[in-house]
Chemist: 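Provided herewith is a single structure, encoded as structure tokens, for subsequent inquiry.
Start at 1 and go down the list; that is how both ligands and their atoms are numbered. Given the structure is predicted, the values throughout are model-derived calculations rather than measurements.
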Amino acid sequence: MSADLILGVETSCDDTSLALVAEDGTVTACETVNQYSIHEAFGGVFPDLASRAHLAAILPTLQQVMGAIDHDRARIAAIAVTRGPGLIGSLLVGVNAAQGLGLAWGKPVIGVNHLRGHLRSPELEGGQIVYPALVLLVSGGHTALALMESATRITALGQTRDDSMGECYDKVARSLGLPMPGGPAIDRLAADGTPRHPLPRPMLREGYAFSFSGLKSSIARLLEREPALMQTEAARADVAASFVAACLDIAEAKLDRALAAHPVASVVVVGGVAASRPLRDRIGALAARHGVTLSLPPLTWATDNAAMIALAGWDYLRAGQAPGLRADPALALDAW
Ligand code: KG4
Ligand code: ZN
């Protein structure tokens with residue numbers, strides 16, 4: 001058989017993921033090891049422990065995915081590895097491993113922008129983005145709005161100035177005494193609540209940039225001022241519902257503005273927070289009002305995974321332009 005697969009390697013944050021993906025997006029294998037149990041006690045990802053956990057997990061995970069093709073290296077066209085953005089120590093584990101494998105196996109190694117992986121994720125396993133598309137990326141590490149004219153013509157419209165939406169979900173969940181990951185726990189609690197607390201919607205009227213730190217701290221202040229809110233499930237549910245309402249208003253306002261300015265065929269929501277049912281419903285209604293289709297990746301491909309990195313790797317391979325392998329913790333959304 002010919003070299004029909006890219007081996008994807010993703011270690012930018014707290015998931016060690018490896019995958020084998022064909023050029024049409026078919027996923028032959030994808031194995032992801034998460035680190036929730038390691039970071040739970042810190043209430044967030046502890047960078048040093050994350051790199052060590054990647055080191056421990058990467059070779060066994062490689063063995064597992066290569067097992068899916070009987071360790072037949074002839075089928076590997078290239079190795080695609082996330083080179084940024086992310087935690088520098090975590091990125092270096094993946095980049096060094098990929099470089100070593102490339103040398104040992106005689107395969108090209110491609111440094112991939114993690115955010116491009118997220119943007120391409122809906123096209124894994126037969127999914128399709130209808131171009132041109134407006135993409136809202138909402139994950140634990142990132143919140144951004146981008147215009148995609150094609151798989152590779154990407155223009156960043158705006159990004160968060162501070163926290164990401166997912167990070168804000170996780171911090172608010174912690175303030176409310178909920179476990180990691182915070183997103184699903186907040187959504188469950190919010191479903192029974194009423195959004196009765198007035199909370200800020202930072203930068204609602206200002207272009208396409210986002211800011212979430214003010215929202216996060218106003219919830220911390222609210223809980224400090226009114227400790228009784230923590231004492232019943234119903235009161236906590238109202239806080240969660242008020243928080244979710246603020247996030248939805250922000251996401252909707254930014255997309256609404258972008259849709260009015262850019263004639264597109266579809267709206268795409270990617271990243272871990274795209275799993276949120278209320279967000280899906282709200283953006284679905286917005287897309288319908290604008291007469292455009294809505295694409296969402298299934299949850300497996302919404303959260304961090306190496307399959308999306310391998311799929312983006314094919315774009316780089318076809319373009320014949322390698323951006324190099326320098327790990328860059330702050331790599332921009334529209335950087336190649
Ligand atoms: O994309 P992802 O796995 O990681 C990064 O690239 O950062 O996103 C993880 C984030 C976490 O903050 C998690 O709380 C959030 O996605 N999340 C959700 C839901 N499921 C995961 N947020 C809201 N509702 C959900 N159902
Ligand atoms: Zn990510």
Side-chain angles (χ1 to χ4, degrees), residues 8-17 19 30 32-36 39-40 43-45 47 50 54 81-87 90-91 94 112-122 124 135-144 146 159-160 163-176 178-191 210 212 215-216 240-241 243-248 250-251 268-283 296-312 329-333:
V9 180
E10 157 62 34
T11 63
S12 65
C13 188
D14 59 342
D15 292 297
T16 312
S17 184
C30 182
T32 303
V33 181
N34 75 52
Q35 304 177 1
Y36 291 138
H39 303 294
E40 179 86 64
V45 178
H54 285 308
V81 60
T82 299
R83 73 174 185 100
L87 300 168
S90 292
L91 291 168
V112 170
N113 183 336
H114 177 85
L115 303 177
R116 286 186 174 248
H118 273 300
L119 298 189
R120 292 286 268 117
S121 63
L124 286 163
V135 192
L136 175 68
L137 163 61
V138 272
S139 72
H142 325 280
T143 297
Q159 308 204 42
T160 182
D163 297 343
S164 69
M165 192 187 283
E167 197 177 344
C168 195
Y169 261 87
D170 293 335
K171 296 276 162 55
V172 170
R174 192 168 161 80
S175 304
L176 288 169
L178 300 169
M180 269 177 86
I186 293 254
D187 271 353
R188 272 192 301 275
L189 185 62
F210 298 83
F212 288 96
L215 176 58
K216 178 184 71 183
F243 165 69
V244 171
C247 286
L248 297 183
I250 295 167
V268 180
V269 188
V270 297
V273 190
S276 162
R277 169 54 52 197
L279 182 68
R280 288 174 172 244
D281 292 348
R282 182 75 83 88
I283 305 304
L296 299 155
L299 186 54
T300 333
W301 310 126
T303 51
D304 282 352
N305 66 83
M308 66 187 195
I309 302 303
L311 182 62
L331 195 62
L333 176 70

Chemist: If you measure from atom 20 (N) of ligand 1 to every heavy atom of Cys247, Ala173, Pro184, which option wins on shortest distance?
Modeler: Pro184
Chemist: Would you call Asp163 and Lys216 a salt bridge, using N to O less than 4.0 angstrom?
Modeler: yes
Chemist: Test your reading of the model: is there a side-chain donor-acceptor pair from Thr143 to the backbone of Met165, 3.5 Å cut-off?
Modeler: yes
Chemist: Please could you name the atoms of ligand 1 that Gly141 approaches to less than 4.0 Å, counting only its heavy atoms?
Modeler: 5 (C), 7 (O)
Chemist: Can you tell me if His118 has an N, O or S atom under 2.8 Å away from the Zn ion (ligand 2)?
Modeler: yes
Chemist: Find, among atoms of His114 that are N, O or S, the one nearest to the Zn ion (ligand 2), and state its name.
Modeler: NE2
Chemist: Please name the pair of heavy atoms, one in Thr82 and one in Glu10, separated by the smallest distance, quoted to 0.1 Å.
Modeler: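 What the structure gives for the nearest pair is OG1-OE1, 2.6 Å.
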Chemist: Any atoms of ligand 1 less than 4.0 Å from a non-hydrogen atom of Ala275? List them with their elements.
Modeler: 20 (N), 26 (N)
Chemist: Number the atoms of ligand 1 from 1 as they appear, then name those within less than 4.0 Å of a heavy atom of Asp187, with their elements.
Modeler: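 In order of numbering, the contacting atoms are 23 (C), 24 (N), 25 (C), 26 (N).
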Chemist: For ligand 1, note which part of Arg277 has a heavy atom under 4.0 Å away: side chain, backbone, both or neither.
Modeler: neither
Chemist: Do me a favour and list the nearest non-hydrogen protein atom to atom 10 (C) of ligand 1 with residue, atom name and distance?
Modeler: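 So the nearest neighbour among protein heavy atoms is Gly140 N, 3.5 Å.
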Chemist: Given Val172, Asn34, Asp304, which has its nearest heavy atom closest to atom 4 (O) of ligand 1?
Modeler: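 It is Asp304 that holds the nearest heavy atom.
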Chemist: Between Leu189 and Leu178, does the side chain to side chain contact (heavy atoms under 4.5 Å, CB included) criterion hold? Intermediate values first, please.
Modeler: CA-CA 9 Å; Leu189 185 62; Leu178 300 169; 3.9 Å; yes
Chemist: Could you tell me whether a side-chain N or O of Arg277 sits under 3.5 Å from a main-chain N or O of Asp187, the two making a donor and an acceptor?
Modeler: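 Such a contact is absent between Arg277 side chain and Asp187 backbone.
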Chemist: Once the angle between the rings of Phe210 and Phe212 is folded into 0 to 90°, is it parallel (under 30°), tilted (30 to 60°) or perpendicular (over 60°)?
Modeler: parallel
Chemist: Out of Gly183, Ala302, Ala185, who gets a non-hydrogen atom closest to atom 22 (N) of ligand 1?
Modeler: Gly183
Chemist: Under 4.0 Å from a heavy atom of Val273: which atoms of ligand 1 are those, numbered in the order shown and with their elements?
Modeler: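 Going through ligand 1 atom by atom, the ones under 4.0 Å from Val273 are 15 (C), 16 (O), 18 (C), 22 (N), 23 (C).
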Chemist: For atom 1 (O) of ligand 1, what is the closest protein heavy atom, and at what distance to 0.1 Å?
Modeler: Gly272 N, 3.0 Å
Chemist: Checking side chain to side chain donor-acceptor pair (under 3.5 Å) for the pair His118/Asp304: CA distance, chi angles, key distance, verdict?
Modeler: CA-CA 8 Å; His118 273 300; Asp304 282 352; 2.9 Å; yes
Chemist: Of all the heavy-atom pairs spanning Gly271 and Ser139, show the shortest one and how long it is.
Modeler: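 Nearest pair, atom of Gly271 first, then Ser139: CA-CB, 4.0 Å.
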Chemist: For ligand 1, which is the ligand I care about here, please tell me if Gly166 has any N or O atom under 3.5 Å from one of the ligand's N or O atoms.
Modeler: yes
Chemist: Heavy atoms only: give me the nearest Val9-Ala306 pair and the separation to one decimal.
Modeler: N-CB, 4.1 Å
Chemist: List ligand 1 atoms under 4.0 Å from Asp170, heavy atoms only on the residue side.
Modeler: 11 (C), 12 (O), 13 (C), 14 (O)
Chemist: If you check every N/O/S atom of Asp304, which is the one nearest the Zn ion (ligand 2)?
Modeler: OD1
Chemist: Locate the shortest heavy-atom distance separating Leu279 from Val273; write the atom from each residue and the value.
Modeler: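 Closest approach of Leu279 to Val273, heavy atoms only: CD2-O, 3.6 Å.
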